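Note that the structure is a prediction, hence the values are computed from the model and not measured. Numbering of residues begins at 1 and proceeds along the displayed sequence.
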Amino acid sequence: MSFQNAYIMSFTSGGLCLHESLILARSFLDLGDWPLARKHVLAKNLFQARMASSAKRTVSEVLPRLQRLSNEELTFFISAGEQDQRHLLWLAICRRHRFIADFMTEVVHDRYVRLKDAVGAEEFNLFWMQKSVTHPEIERISDSTKEKLRTVLIKMMREAGIIS
């Protein structure tokens, strides 16, 4: 398998991060440059984080998501209603993390079509096992990290309004 096809499994921190995403998106649209927006948000502590390391971790997760949105999508994002903002963030997350996009299309969509209303640990674990066959990077993840990824994924889906 080539590196290009490997899943990016770095979504262990936070959740949807709507508030932080809005701040970073506004900074980018004002400054026109992602590195400048990152520096600005961190220097001014715009996330109001208690620890600089916490703010850096959040920026490191949120920024690559937002970079997956076009300027038009970002402009709409900052002016949209909250539900549209949540949906755009979900789109950005799916664009950033193919594992999540695959979970959405292969598990959540399938359950929706079949009128199954629950998506939880069992579905996640089965999907994980199936993907580990073609994605060896998954096998290298510890059980505790796998549980953290599952928890964060379910949390993001709830925050985005994908599941209740």
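- In this structure, the side chains of Arg65 and Leu89 stay at 4.5 Å or more apart for every pair of heavy atoms.
- For Arg95 and Glu73, the salt-bridge test passes: some basic side-chain N is under 4.0 Å from an acidic carboxylate O.
- Under the 4.5 Å side-chain heavy-atom criterion for grouping Ile, Leu, Val, Met, Phe, Trp and Tyr, Leu31 is not connected to Leu46 through any hydrophobic cluster.
- The main-chain N or O of Glu159 is found under 3.5 Å from a side-chain atom of Arg86 such that the two form a donor-acceptor pair.
- Screening residues 64-96 for ring-ring contact (aromatic ring centres under 6.0 Å, His included), with sequence neighbours left out, gives no hits.
- In terms of modelled atom types and a separation under 3.5 Å, the side chain of Asp110 and the main chain of Glu106 share no donor-acceptor contact.
- Note on residues 8-45: pairs passing ring-ring contact (aromatic ring centres under 6.0 Å, His included), not counting sequence neighbours, are Phe11-His97, Phe28-Trp34.
- Grouping the Ile, Leu, Val, Met, Phe, Trp and Tyr side chains by contacts below 4.5 angstrom, directly or via other members, places Leu69 with Leu29.
- Contacts classified as ring-ring contact (aromatic ring centres under 6.0 Å, His included) and involving residues 41-75 (residues at least two apart or in different chains) are not found.
- Note on ring orientation: taking the six-membered ring where Trp is involved, the planes of Phe127 and Phe103 are perpendicular (angle over 60°, cut-offs 30° and 60°).
- The backbone N or O of Ile141 sits nowhere less than 3.5 Å from a side-chain atom of Thr145 that would complete a donor-acceptor pair.
- Using modelled atom types, one side-chain atom of Glu123 and one backbone atom of Gly120 make a donor-acceptor pair closer than 3.5 Å.
- In this structure, the side chain of Ser79 engages the main chain of Thr75 through a donor-acceptor pair within 3.5 Å.
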